[in-house]
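The chain is numbered in sequence order, starting from 1.
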Amino acid sequence: MSSHSYEVALFGEFFSQDLKPILNRITLHSESSQPFQSREIVFEPLDAQLQRDSGNEPILLRAKKELSDPKAPWELFSYLKPESVRVHPEATVRPWATCQVVGDALSFAAALGHARRSQIYKRGYAFRRGSLLILMFQQEQVDPKTQLPIPAHADTLWEVEVKTANPIRNTQETPLSHAIDAVLEVQLLMKGLLDLRRQDV
């Protein structure tokens, strides 16, 4: 058993015209739903290019803040490379480290030797279903002058992430197989409306 914590996830996307039936079906099979907007900033190590040149994929650090809750803290997290498709063919399983930051996450990331690479805003709906979090959102671009989000165009693709709400340790009490079964259940519920699949990112 490894000491890593993991995220188990499936991903999908759809066009705006399918929003209503997909929203209805997910709402029907969730315990709660609420609108959300979040800001995510991606940092990479200062020597990221050197790492890539030597054939290693640098570990990116992400800072995320829920804008829907003014008191929400910044959360810093990073994903390691997903486990291979041979081990987990049905879902993306990736080691996941996370920590909450009091104060300025952006200076904190810089102090760790990371430079800001990109930022995005996401706006949409968050659903809870048991141990899962289902996010359905459109990405918003950032206005270069004000650094504020620009509302997504009506025909911007919607993205869906079905994932474990909290990092899971693969133990006898919480085997990864339970989390994989839970995301596969959502895949089955959405069949015919939305194709949820594993992705390696």
Could you pull out every donor-acceptor pair under 3.5 Å between side chains of residues 157-168 and any protein atom, sequence neighbours left out?
residue : atom : partner : partner atom : Å
Glu159  : OE2  : Gln139  : NE2          : 3.2
Glu161  : OE1  : Lys163  : NZ           : 3.0
Thr164  : OG1  : Val8    : N            : 3.1

So, taking the atom named [atom1] in [X] and the one named [atom2] in [Y], what distance separates them when rounded to the nearest 0.5 Å?
X	Y	atom1	atom2	value
Phe137	Lys122	CZ	NZ	4.0 Å
Phe127	Leu28	CZ	CG	11.0 Å
Glu75	Cys99	CD	SG	8.0 Å
Leu176	Asn170	CG	CG	3.5 Å
Gln138	Arg123	CD	CZ	10.0 Å
His88	Ile180	NE2	CD1	5.0 Å

Check whether Lys65 reaches the backbone of Ala72 with its side chain - one donor and one acceptor, N or O, closer than 3.5 Å.
yes
Would you say the side-chain atoms of Asp143 pair up with the backbone N or O of Lys145, donor to acceptor, closer than 3.5 Å?
yes
Can you name the residues that form a salt bridge (charged side-chain N to carboxylate O under 4.0 Å, His left out) with [X], not counting sequence neighbours?
X	value
Arg197	Asp195
Glu44	Arg52, Arg117
Asp18	none
Arg62	Glu40

Between [X] and [Y], is any pair of side-chain heavy atoms under 4.5 Å apart?
X	Y	value
Lys64	Arg39	no
Asp53	Gln49	yes
Arg198	Val93	no
Pro149	Gln37	yes
Glu83	Pro95	yes
Arg25	Leu194	no

Under the 4.5 Å side-chain heavy-atom rule for ILVMFWY, direct or indirect, which residues accompany [X]?
X	answer
Ile120	none
Tyr121	Leu67, Val142
Leu76	Ile41, Phe43, Leu61, Trp74, Val101, Leu106, Phe108, Leu112

Taking all atoms of both residues into account, what is the closest heavy-atom pair of Arg94 and Leu80, and its distance?
CB-O, 3.6 Å
Phe77 vs Tyr79 aromatic rings, parallel, tilted or perpendicular, using cut-offs 30° and 60°?
perpendicular
Just by distance, with hydrogens left out, do Ser30 and Thr27 show a side-chain donor and acceptor under 3.5 Å apart?
no
Any side-chain donor-acceptor pair under 3.5 Å between Gln147 and Gln119?
yes
Name every donor-acceptor pair, under 3.5 Å, that has one atom in a side chain of residues 10-17 and the other anywhere in the protein, sequence neighbours excluded.
residue : atom : partner : partner atom : Å
Ser16   : OG   : Ala154  : O            : 2.6

Output all residues satisfying side chain to side chain contact (heavy atoms under 4.5 Å, CB included) with Asp155, sequence neighbours left out; order by chain, then residue number.
His153
Counting heavy atoms not belonging to Gln51, are there more than 12 under 6.0 Å from its CD?
yes
Step by step, work out the side chain to side chain contact (heavy atoms under 4.5 Å, CB included) result for Ser68 and Phe36.
CA-CA 5 Å; Ser68 7; Phe36 86 95; 3.7 Å; yes
Acceptor/donor pairs from residues 183-193 side chains to any protein atom, 3.5 angstrom cut, sequence neighbours excluded:
residue : atom : partner : partner atom : Å
Glu185  : OE1  : Arg129  : NH2          : 2.7
Gln187  : NE2  : Leu196  : O            : 2.7

Just to verify, what does Asn24 make a side chain to side chain donor-acceptor pair (under 3.5 Å) with, not counting sequence neighbours?
none
